[in-house]
Amino acid sequence: MEYEAVIGLEVHAQLLTASKIFCGCATTFGGPPNTQVCPVCLGMPGSLPVLNRKAVEYALKMALATNCQIQAESIFARKNYFYPDLPKGYQISQYEQPLAEHGHLTIRINGAARRIGITRIHLEEDAGKLIHSEARPVSFVDFNRTGVPLIEIVSEPDIRTPDEAVEYLKGLRNILLYLEICDGNMEEGSFRCDANVSLRPSGAAGLGTKTELKNMNSFRFVKMALEYEIKRQRALLADGREIVQETRLWDAAQNQTVSMRGKEEAHDYRYFPDPDLVPVRISAEWVESLTKKLPELPAARWARFQSQFGLPAYDAEVLTSDKALADYFEGCVKEFPQPKQVSNWIMVELLRELKKEEVGIASLPVTPAALGRLLNLVDKGTISGKLAKTVFEEMMATGKDPEAIVKERGLVQISDAEALLPLAQEIINANPKEAADFRAGKTKVMGFFVGQLMKQTKGQANPQMANDIFKRLLG
Ligand code: ADP
Ligand code: MG
Ligand code: ZN
């Protein structure tokens with residue numbers, strides 16, 4: 001029997017509001033434990049929550065950017081469970097009436113578009129953080145994160161492969177970054193994902209029994225966990241056994257998923273509407289004004305990079321898949337208006353350096369304008385394309401201007417026939433066999449001669465001119 005995988009993702013994204021969702025405490029990350037707390041987020045009796053308007057605005061932006069229908073009225077509910085990082089004994093979330101529903105995100109897999117349905121987007125509060133002591137058998141709790149606003153984005157079970165899951169996640173994260181409403185940091189947990197996966201006979205309509213995977217804090221781990229789980233389930237089914245509905249944790253040390261809790265231990269959250277919060281009513285005017293103010297989103301920018309700059313779809317895809325990279329590209333094109341050349345440099349040289357240095361584009365010592373000026377130097381023939389790479393490396397290391405580096409190191413391309421001619425003659429004299437070969441019609445040795453001249457001039461000879469000179473001398 002052939003099986004296909006069915007995957008649905010639940011994504012939590014921390015919103016970049018200055019204060020928490022139901023109180024005025026700061027949301028800044030990394031403060032000393034329990035310094036950003038108050039009676040409301042600590043769940044003191046008698047304290048009352050007040051909804052942060054900015055959090056609603058951010059959630060609405062994401063809902064609009066993912067083609068969701070905004071619900072005119074939504075309700076906050078209490079999700080009841082006990083855990084030491086949850087001081088109230090319940091999390092304020094949305095259940096039966098979420099903020100937004102029926103959206104979708106289009107991803108591209110090997111050039112083909114796939115539409116992934118978004119079931120719902122709702123607002124909720126984050127929990128605190130437990131810190132387990134290595135030295136003593138005790139745990140500490142930090143409530144600074146308690147009450148930080150989250151949106152939960154639930155997908156339809158429309159995803160079929162681990163690669164599609166990763167593309168979908170990258171797409172969501174990218175939109176959040178374009179909207180500037182979440183910093184998207186998976187390692188620090190400001191963007192996190194639970195993955196639900198099941199198998200069914202290929203092409204079947206129903207859904208098989210799913211497992212829910214948690215604890216993947218990178219795209220790579222999401223992919224690995226899903227791959228592992230699909231294999232595990234396939235082996236069970238091939239053995240004629242049943243899939244047990246359960247929650248499983250990704251164990252990054254062992255590269256496997258392990259059972260955390262089964263269905264019988266599953267929580268009964270006893271949801272009910274929170275009596276302390278009024279229904280959220282969203283006016284059509286608010287939605288309209290937010291729609292008008294939405295920035296250009298990745299899909300639109302992808303299309304524009306192709307139409308405005310004439311870039312291939314692939315280049316446009318790579319560049320717009322990261323807002324900072326796309327901004328960098330546009331800054332560069334302003335200085336040096338040859339988009340394809342700029343794109344080549346960014347996709348090859350810049351991305352390679354970024355990978356090597358493991359830094360973000362924002363902290364690059366080379367500004368887009370400086371890279372633009374470097375490309376200008378190549379275009380004008382001041383330096384060769386090959387030397388430009390050396391100059392670029394030094395720009396990356398020192399942050400110096402390309403012009404200064406070229407001047408300091410005397411890298412200016414030699415486009416002076418008078419200077420190259422004697423060197424070329426010397427090379428011909430020193431290599432009579434190759435010279436004879438060329439004259440006998442083996443034009444391939446031209447590469448050898450030009451190479452020698454390049455070597456002697458440390459790459460500074462203008463290659464076209466070198467070619468012409470040798471042709472003349474050997475002709
Ligand atoms: P639960 O009640 O366990 O949270 P939900 O119905 O709320 O389940 O769905 C949670 C996520 O799991 C959604 O993203 C949904 O698309 C996905 N999902 C639901 N059923 C399946 C299934 N059988 N296989 C894979 N994913 C599923
Ligand atoms: Mg659910
Ligand atoms: Zn507070």
Side-chain angles (χ1 to χ4, degrees), residues 3-12 17-28 31 34-44 47-52 55 66 79 81 87-88 92-96 98 101-105 116-122 124-128 142-149 152-162 164-165 168-169 172 192-201 204-214 222 225-226 229-230 233-234 237 242-248 260-269 271:
Y3 288 98
E4 66 177 1
V6 174
I7 299 165
L9 301 179
E10 295 164 285
V11 168
H12 287 92
T17 53
S19 56
K20 293 185 179 180
I21 184 168
F22 297 119
C23 63
C25 293
T27 54
T28 31
N34 300 308
T35 53
Q36 292 154 216
V37 293
C38 74
V40 173
C41 55
L42 288 176
M44 299 293 181
S47 64
L48 289 172
V50 178
L51 180 58
N52 179 342
T66 51
K79 178 177 179 177
Y81 64 94
K88 293 196 301 296
I92 303 177
S93 180
Q94 295 188 309
Y95 188 54
E96 278 173 345
E101 292 177 301
H102 312 303
H104 61 85
L105 176 69
I116 309 298
I118 290 175
T119 317
R120 53 188 278 150
I121 296 182
H122 70 246
E124 59 186 33
E125 57 179 347
D126 210 343
D142 176 6
F143 291 122
N144 286 352
R145 200 177 70 177
T146 309
V148 167
E152 178 171 342
I153 307 162
V154 182
S155 89
E156 290 290 304
D158 288 348
I159 299 164
R160 292 290 167 269
T161 66
E164 283 184 12
Y168 168 80
L169 284 176
L172 282 188
R192 24 191 217 263
C193 152
D194 299 335
N196 300 269
V197 55
S198 62
L199 293 185
R200 68 180 174 197
L207 292 174
T209 303
K210 73 175 165 93
T211 58
E212 182 176 356
L213 312 180
K214 288 179 178 285
V222 171
L226 281 168
E229 189 58 18
I230 290 166
Q233 291 187 15
R234 189 164 276 143
L237 293 173
E242 280 189 357
I243 308 299
V244 178
Q245 187 179 327
E246 61 184 354
T247 302
R248 298 177 69 87
M260 177 175 125
R261 60 168 179 254
K263 198 180 181 182
E264 53 283 357
E265 306 146 67
H267 292 125
D268 173 4
Y269 294 118
Y271 280 98

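Remember, it's a predicted structure, so these values are computed and weren't measured experimentally. Numbering of ligands and ligand atoms starts at 1, following listing order.
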Relative to the heavy atoms of [X], which atoms of ligand 1 are at a distance of less than 4.0 Å?
| X | answer |
| --- | --- |
| G208 | 23 (N) |
| S198 | 22 (C), 23 (N), 24 (N), 25 (C) |
| V154 | 13 (C), 14 (O) |
| G8 | 14 (O), 16 (O), 17 (C), 26 (N) |
| L9 | 14 (O) |
| V6 | 24 (N), 25 (C) |
| K210 | 1 (P), 3 (O), 8 (O), 18 (N), 19 (C), 20 (N), 21 (C), 22 (C), 23 (N), 24 (N), 27 (C) |
| E156 | 16 (O) |

Is the closest basic N to carboxylate O distance between [X] and [Y] below 4.0 Å?
| X | Y | value |
| --- | --- | --- |
| K20 | E125 | no |
| D126 | R192 | yes |
| R248 | E229 | yes |

Is a side-chain donor-acceptor pair under 3.5 Å present for E156 with T119?
-> yes

Name all residues meeting the salt bridge (charged side-chain N to carboxylate O under 4.0 Å, His left out) criterion together with E124; count only those two or more places apart in sequence or in a different chain, and write none if there are none.
-> none

Which pair of non-hydrogen atoms, one from T211 and one from V244, has the smallest distance, and what is that distance?
->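 So the minimum-distance heavy-atom pair works out to CG2-O, 3.6 Å.
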
Distance, nearest 0.5 Å, that separates OG1 of T247 from CE of M260 = 5.5 Å

For atom 16 (O) of ligand 1, which candidate among G206, S155, A195, G117 holds the nearest heavy atom?
-> S155

Heavy-atom donor-acceptor pair, N52 side chain to S19 backbone, under 3.5 Å |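 Yes: the side chain of N52 pairs with the backbone of S19.
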
On the ring face of Y269, is K79 found with NZ or CZ under 6.0 Å from the centre and within 45° of the axis?
->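 Judged by the rule, K79 and Y269 form a cation-pi pair.
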
Could you tell me whether the side chain of L169 reaches within less than 4.5 Å of the side chain of V11, counting heavy atoms only?
->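 Sidechains of L169 and V11: in contact.
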
Among I159, V197, D194, L213, which residue meets the side-chain contact (heavy atoms from CB on, under 4.5 Å) test with L9?
->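 Single pass found, and it is I159.
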
At distances under 2.8 Å, what protein N, O or S atoms surround the Zn ion (ligand 3)?
->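 Counting only protein N, O or S atoms under 2.8 Å from the Zn ion (ligand 3), the list reads C23 SG, C25 SG, C38 SG, C41 SG.
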
Does V197, backbone or side chain, put an N or O under 3.5 Å from an N or O of ligand 1?
-> no

